[in-house]
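The block underneath contains the structure these notes are about, expressed in structure tokens.
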Amino acid sequence: MLLDDLNVEQRLAAECNEGPVLIIAGAGSGKTRTLTYRIAHLIEKGVDPFNILALTFTNKAANEMKERISELVGDKARYIWMGTFHSVFSKILRIEADRLGYLNTFTVYDSEDSKGLIRSIVKEFNLDEKVYNKSFILGRISMSKSNLISAQDYIDNPTFASEDRSINKPYIGQIYREYNSRLRRAMAMDFDDLLFNMNVLLRDYPDLLLKYQEKFKYILVDEYQDTNYSQYYIIKKLSARYRNICVVGDDAQSIYAFRGANIRNILDFQKDYPDSKIFKLEQNYRSTKNIVNAANSVIERNIGKIEKKVWTDNDLGKKINYKECDSDKNEAKWICNTIVDRKLNDDAKYKDFAILYRTNQQSRSLEESLRFMNIPYRIFSGVSFYGRKEIKDVLSYFRLVVNNFDDEAFLRIINFPSRGIGETSLNKLKIIAAENSISLFEAAMTLDSQSGISTRTVQLIIDFVTAIRVFTLELSKIDAFELGVKIISKSGIIKFLKNDEDPISAERIENVEELINALQAFVESEEDAILDELTGEEISLNNKTLDVFVQQVSLMSESDRDDDKDDDRVSLMTIHSAKGLEFPYVFVCGMEENLFPNVLSLGSRVELEEERRLFYVAMTRAKKELALSCAQMRFRNGQMAFNEKSRFLDDVDPKYLSDEFFNSKSSKKSNPFAQETNFGLSPKRKLSKIDLPLPKPIGGVPVESMEDFSEGMEVCHDKFGLGKIVCLEGKGDDMKAEVMFESAGLKKLVLRFAKLKLKK
DNA sequence: AGGTACTTATAGAGT
DNA sequence: ATAAGTACCT
């Protein structure tokens, strides 16, 4: 019997098919397993897979779950609608595009496109770009859309109006409205529109509401703690008829409030559905007792949470390894050494290790060390493949072919590679487009001698749009691979890169080639699912054409990309992207104040608690061994930063930590200046010199000024001991020295901080 | 119009 | 440190 593989609670949760169900699933409690069996069970009981909608947090999670369900119930699993909110609803929006006055070839603007558009609007409004910071404005618009506040609602709302006036930005509402009409003109939606417009569809078209209520008789939502209001409302409406709504989540792992996720959605589920059944999965199957208990001791510090007790039957395991390093470089080195050691003595594979960090930029020093040690690795975050310049350029060609109205794509490639269409002509074209409320492409197509643009340039522009039009006409005739390759070769991007001497260009060509491979893989991939047996109208969406490729790619994240599971590599990623994953050995590095918790989250308890949940997520990724590390100084944003150890380290109950923690802790206590002297101000720990370990009075003569140092001089350092200056660079506060120490080896020191003394 | 040299903003997680 | 934007010169 299918459900025999589950424990009692899991099984009860999986069997309870009808009505609203809330599953609170602690970290490592077999949530995916339960969901998988729940869906398989539904199908076994005779529910048509067409009637199941399962929403996951990443496309990868969806694909994996689908595979596992196929193993249980066979091929029909592929008819389940499964994917992220954004991908599933963008599919539906494409099917119903005409209701909203859109073509089904609409493109999805990423945040870069959105910011570009906001910037042009701010300029056109003659507003100060510094006051109307594009990221800030987009954040405001995004928050509004996620809460189903339209531009008109925003403008009419007196609270927003006075708020915006008080921060000296009274025109945000107007920008919001213009932004939306320009999106529409470009036949584009931004990420939030995919959810907002889905709500519009369900609100304004009762026939569609009924159609999708009937289609999705069974709805499941994973990671429910990270849904925003807009997502919540779609689910609420779709499930209103059959009320078979099952949500799964863990409030302790809610880490996306910054993106508008509302933890109240999961906390208030029982209020929304008073007849709902609740199941708590509290047994952890993933980690050792030490890890589970240590993580519990951390999360207990948070005030706002659902009470639950995660426990495990697993072995006690090792204590949590703690390492304090002097620099980010040595932190990376220590991690590499530990990996090599475990591989040797523990018979581990590279793919058993993950290195997690708070911010993407931390990957750099790690990469250097890994490469130096010849350890194979893979970065799962950072500048995503699809975010790279050359890939965005190529995709902009694709986008413009698919949707001629796509202004941001147009602007990106109209003169790249350069074809003699300069700023002056482009500005004239922009004015024509604005005056007639048409897209740049339309304006370009109708250019004539009246435009004020030189005849030669007009011809160049016409040539460009004509070439794009030719490809557009081929869209439905040839597949994505064939057309994509044609466009790339015609675009001249490869030629441009080949002529470029910059060594980075060779890498860029490789990336374009990888995109071509992705096109091929897309064309050869199996049909994912037939969309709708009832209407049949969406068959064309399943073709392997370029528009479908572009649609898919624009909603893809780095972690969704194909990877060889057999590839034996160490994984590097942010803690956010590690959500839902597990590894035998986990390193959480950069455990420092201002980095983790991040300096931007220190302002409020709510934000600090989210950071702490993030730490909880990081810890609970580990199955067998967990290591925490920090560095006294770290290269960050172009300069050396000195930070205290993270307060989160003190949140971990010391009985689960290795001895090294106490040794380093006592050294901290011996520093009388480590006490905060904030004069009764908010208890923020600040970056400041007094946080540094004070020099211990060992031999040596302090210098009068930095200029007293010279190459070859013998010096004394509190920590590294005796050494000789190899070379000096910079001057004043920025003066640095490379010093060869007798015991510690070659170090590069910032003299202002190193407190070197002359040898007696 | 296009390229180079300088200036300035941005350094938080990601659909 | 890096990317993007601007000024200025061919």
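Look at CZ on A:Arg364: it is 14 Å from C1' on C:dA3, rounded to the nearest Å. Following rounding to the nearest Å, A:Arg412 (CZ) and C:dA3 (P) show an atom-to-atom distance of 13 Å. A:Ile453 has its CD1 atom 14 Å from the C1' atom of B:dA1, to the nearest Å. When the P atom of B:dG2 is taken as reference, atom CD1 of A:Ile414 falls 11 Å away, rounded to whole Å. If you measure from atom CZ of A:Phe385 to atom P of B:dG14, you get 18 Å, rounded to the nearest angstrom. Per the geometry, CG belonging to A:Asp190 stands 19 Å off P belonging to B:dG14, to the nearest Å. B:dG3 atom C1' lies 14 Å from atom CD of A:Glu423, rounded to whole Å. Atom NZ in A:Lys389 sits roughly 12 Å away from atom P in C:dG5 (whole-Å rounding).
No engagement by A:Asp110 is indicated, since no non-hydrogen atom pair under 4.0 Å with the nucleic acid exists. Using a 4.0 Å heavy-atom distance criterion, A:Arg119 is classed as a sugar-phosphate-only contact. Backbone-only engagement by A:Thr424 is indicated by non-hydrogen atom pairs under 4.0 Å involving sugar-phosphate atoms exclusively. At the heavy-atom level, A:Arg613 lies nowhere under 4.0 Å from the strands shown.
Each of A:Arg634, A:Gln632, A:Lys645 was compared with A:Glu592 under the side chain to side chain donor-acceptor pair (under 3.5 Å) criterion, and only A:Arg634 meets it.
Considering only side-chain N and O atoms, A:Arg419 lies nowhere under 4.0 angstrom from the phosphate OP1 or OP2 of B:dA1. Between A:Asn228 and the phosphate of B:dT15, there is no side-chain N or O to OP1/OP2 separation shorter than 4.0 Å.
Judged by distance alone, the side chains of A:Ser554 and A:Tyr386 never bring a donor and an acceptor atom under 3.5 Å apart. Side-chain contact check for A:Tyr102 and A:Asn197: no donor-acceptor pair (N or O, by modelled atom type) lies under 3.5 Å. Between the side chains of A:Lys145 and A:Asn180, a donor-acceptor pair is found at a separation under 3.5 Å.
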Practice task
May I have the step-by-step check of salt bridge (charged side-chain N to carboxylate O under 4.0 Å, His left out) for A:Arg636 and A:Asp328, ending in yes or no?
Solution key: CA-CA 10 Å; A:Arg636 219 183 144 198; A:Asp328 48 351; over 6 Å; no

Practice task
Given salt bridge (charged side-chain N to carboxylate O under 4.0 Å, His left out), test A:Arg647 with A:Asp651 step by step and report yes or no.
Solution key: CA-CA 7 Å; A:Arg647 68 188 73 192; A:Asp651 289 351; over 6 Å; no

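Across B:dG12 and C:dG5, the matching C1' atoms stand 23 Å from one another, rounded to whole Å. The same atom, P, is picked in C:dA4 and in B:dA13; the two are 16 Å apart, to the nearest Å.
Side-chain contact between A:Tyr256 and A:His576: present, with at least one pair of heavy atoms (C-beta onward) separated by less than 4.5 Å.
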Completion exercise
Given protein heavy atoms under 4.0 Å, the one-letter contact record of nucleotides 8-13 of chain B, with B base, S sugar-phosphate only and - none, is simply -SSBBB

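For A:Ser454 and A:Ser111, each mapped to the nucleotide of DNA chain B holding its nearest heavy atom, the one lying further toward the 5' end belongs to A:Ser454.
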